[in-house]
2 protein chains.
Amino acid sequence: MKEAGGRPNIAAVAAAAGVSVTTVSHVLSGRKPVSARTKAKVEAVIEELGYRPNPSARSLRTARSESIALIVPDLTNPFYPLVAAGLQDVLMSSGYLLSVTDAALPSRALPEVVRHVLARRVDGIVLATYGATDNDIDKIRKSGTKLVRLGGRFRAEFGDIVRADDASGVHDVVSHLIDRGYQRIAFLNGEPHAHPSQIRLEGYERALREADRPILPDLIHSGTFTRAGGAEGARALLSRSPRPDALVCGNDLIAVGALDVTRQLGLSVPGDVAITGYDDIEAASLITPALTTVLNPAREIGRTCARLLLDRLAGEYDDTAREIVLAHRLIVRDSS
Amino acid sequence: MKEAGGRPNIAAVAAAAGVSVTTVSHVLSGRKPVSARTKAKVEAVIEELGYRPNPSARSLRTARSESIALIVPDLTNPFYPLVAAGLQDVLMSSGYLLSVTDAALPSRALPEVVRHVLARRVDGIVLATYGATDNDIDKIRKSGTKLVRLGGRFRAEFGDIVRADDASGVHDVVSHLIDRGYQRIAFLNGEPHAHPSQIRLEGYERALREADRPILPDLIHSGTFTRAGGAEGARALLSRSPRPDALVCGNDLIAVGALDVTRQLGLSVPGDVAITGYDDIEAASLITPALTTVLNPAREIGRTCARLLLDRLAGEYDDTAREIVLAHRLIVRDSS
DNA sequence: CTGAAAGCGCTTACAG
DNA sequence: CTGAAAGCGCTTACAG
């Protein structure tokens, strides 16, 4: 009735309490009436034996794993650990386990990561990677696993989305630069086909249009959402002539790379050229000059994702897809 | 034989292939001889049906969950996401799932987190938090869960350890400051009872002793391993008179907080006071002045932890505890 | 090389 | 309010 010298199982508890395993299970779940006396007795035995239900057995029966997977493009980007922390904030108290997978490493293609995670039969997935294709999303949806995405195109068949209003965020940065009198405002973006890139580009173009400024393809550069990508792009843009007097960067990492280049080139920021970021990672306030950027509420995004997932898992919401847009905030510092 | 409209189980595969479930299982595990012809047939059916073994059923039978938990004190400290990425580097290819839990939040006490993780019956735990008590460690060890710690006192009963040589790291920083002619070198530490604090303090004291310098309790301050802790400690230390001319900080976050304070106080770094960090997080090279620090090989630490765990889980190593010390490297930048 | 059968530890109709 | 029994989907001696 008890694993040899190991952990007690539900039968051991039942035996010690003089009841059936059914009754112990009812006490555990609280879903069926149990007399106060029996309940107390069972709980005492559970405490005494240090009994914990075996999660595999439970999962096998209920077809629920009580775990959620977060898939991120790059753990090295501090935005994503914050999202993870936000998920934990709400997940932990519900007993869910959070697994985190970095899909960025060479040889770790997203479809493979998705397969890996689905094979583990997690109950829900938070897909935080802009590299996801319709195919990846389709595979998750067809498996029946609940899905929340961090951004991406909103479509009923693709499930819930939580995102910040990136287009407006970039719009606000560009308007701010226009207000300050910058004339040749360039845009240094991340992966060109990634959805956040496209949406941030929209914000850039909208702000220029509103100010009756021309949109010059020559002043738009796409690369990757990394420091290296920023450096490379900044070198390209700053060699245009006439030189841009402001670089609006797709995220803070890109801006950091751009700052590296201005330093190498001996350009003063914001004197010769203004530089702005996006996300407001901690480094944004640490570097010199401190970076003008847009606060992307990573932790709150994580919390919201968890809530949406739990809603659906608990069956409290089972309707059409929802898109939740969280407010951004322009943060003006010294680089503009 | 098949879940209604759902995923195929091993019986469905067996039926479609015209063999027994035992044989399918043997093909899956590769641990028993199966004829080439049968094997090919079974594999074809698996492919066709898109069969994936149910991990809960497998775990229930084998008493193995194929998952590893990482417990960190603060996901916001970029050191830990890097450790997580290193773990993934080696874990993913072995089919293990990595869960990450932040034990730092208010109301998320470590004993509770440990209980939560043990209740999930993970196969191994990487305990990356300096807040662990002997009691926490004991509980993990007694549960039979494999454990690797990131630092801490090395004791046979407490299992494997992977760490950088922190004492030597701080020693090297202090020696470097002495070489540069700094006279009143203060130490701004993290949580006083945490093991990394103690060991880093040792390095500080050893370097002073070697240089025949006095160790002045007045110049040693303990707080927390955070930016806020650094600010508070720097305010205290910089108000001593005579004022210290160098602040050796227990980690980079503390150093960042100290830099905040020097800026407020109008002190020049390294002119009035040198400041050094520990870890070499990305921000260390971004801030101004760029931080002199010690490279703590986080990602490699993560990889090494994973290897030790897998060794033990595979039964390839089942002997006394091992302590693996990875080399650090002094990185001199502009703050000293 | 192949298969019948037991059993891992739960939950959940179902019966009383 | 309580319990006997089936069954979730695997793996693993054991027998042949």
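Throughout, protein chains are lettered first and strands after them, A, B, ... in sequence-line order, and every chain is numbered starting at 1. Note that this is a predicted model, so its numbers are computed, not measured.
- The separation between B/R120 atom CZ and C/dG9 atom P is 18 Å, rounded to whole Å.
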Problem set entry | Trace of the side chain to side chain contact (heavy atoms under 4.5 Å, CB included) decision for B/M92 with A/V113 | CA-CA 9 Å; B/M92 168 140 265; A/V113 169; 4.3 Å; yes
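- In this view, A/Y130 and A/F225 satisfy the ring-ring contact (aromatic ring centres under 6.0 Å, His included) rule, not counting sequence neighbours.
- B/E48 meets the salt bridge (Lys or Arg N to Asp or Glu O under 4.0 Å) test with no other residue; sequence neighbours excluded.
- Taking CD from A/E112 and NE2 from A/H116, the interatomic distance works out to 8.5 Å, rounded to the nearest 0.5 Å.
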Exercise. If the sugar-phosphate is the primed atoms plus P, OP1 and OP2 and the base is the rest, what is the B/S/- string for nucleotides 11-16 of chain C, using protein heavy atoms under 4.0 Å?
Worked result: BBB---
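- In this structure, CZ of B/R121 is placed 11 Å from C1' of C/dC8, rounded to the nearest angstrom.
- Sorted by first then second residue, the side-chain hydrogen bond (donor to acceptor under 3.5 Å, both in side chains) pairs that include residues 12-27 of chain A, not counting sequence neighbours, are A/S20-A/T23.
- Taking atom CZ of residue B/R64 and atom C1' of nucleotide D/dC10, one finds them 16 Å apart after rounding to whole Å.
- A/S56 comes within 4.0 angstrom of nothing in the nucleic acid, heavy atoms only.
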Show me the side-chain donor-acceptor pairs of residues 309-321 of chain B shorter than 3.5 Å, one per line, residues at least two apart or across chains.
{"from": "B/D311", "atom 1": "OD2", "to": "B/R322", "atom 2": "NH1", "distance (Å)": "3.3"}
{"from": "B/R312", "atom 1": "NE", "to": "B/D160", "atom 2": "OD2", "distance (Å)": "2.8"}
{"from": "B/R312", "atom 1": "NH1", "to": "B/D319", "atom 2": "O", "distance (Å)": "3.2"}
{"from": "B/R312", "atom 1": "NH2", "to": "B/D160", "atom 2": "OD1", "distance (Å)": "3.0"}
{"from": "B/R312", "atom 1": "NH2", "to": "B/D160", "atom 2": "OD2", "distance (Å)": "3.4"}
{"from": "B/R312", "atom 1": "NH2", "to": "B/D319", "atom 2": "O", "distance (Å)": "3.2"}
{"from": "B/R312", "atom 1": "NH2", "to": "B/T320", "atom 2": "O", "distance (Å)": "3.2"}
{"from": "B/Y317", "atom 1": "OH", "to": "B/T320", "atom 2": "O", "distance (Å)": "2.7"}

For this session: Would you write the dot-bracket representation of DNA chain C, where each base gets (, ), [, ], | or . depending on whether it forms a Watson-Crick or G-U pair under 3.5 Å and with which partner?
Result: |||.||||||||.|||
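- For the pair B/N9 and D/dG9, the criterion of a side-chain N or O lying under 4.0 Å from OP1 or OP2 is met.
- Distance A/N54 CG to D/dG9 P: 17 Å, rounded to the nearest Å.
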Please list, one pair per line, the donor and acceptor atoms closer than 3.5 Å that link side chains of residues 67-85 of chain B to other protein atoms, with sequence neighbours excluded.
{"from": "B/S67", "atom 1": "OG", "to": "B/S65", "atom 2": "OG", "distance (Å)": "2.9"}
{"from": "B/D74", "atom 1": "OD1", "to": "B/T76", "atom 2": "N", "distance (Å)": "3.0"}
{"from": "B/N77", "atom 1": "OD1", "to": "B/F79", "atom 2": "N", "distance (Å)": "3.0"}

Which side-chain N or O atoms in residues 34-45 of chain A pair as donor and acceptor under 3.5 Å with protein atoms at least two apart or in another chain?
{"from": "A/S35", "atom 1": "OG", "to": "A/T38", "atom 2": "N", "distance (Å)": "3.2"}
{"from": "A/S35", "atom 1": "OG", "to": "A/T38", "atom 2": "OG1", "distance (Å)": "2.7"}

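- Residue A/S20 places none of its side-chain N or O atoms closer than 4.0 Å to OP1 or OP2 of D/dT2.
- When the P atom of D/dT2 is taken as reference, atom CZ of A/R37 falls 10 Å away, rounded to whole Å.
- Judged as a side-chain hydrogen bond (donor to acceptor under 3.5 Å, both in side chains), and not counting sequence neighbours, the contacts of A/T133 are A/D136.
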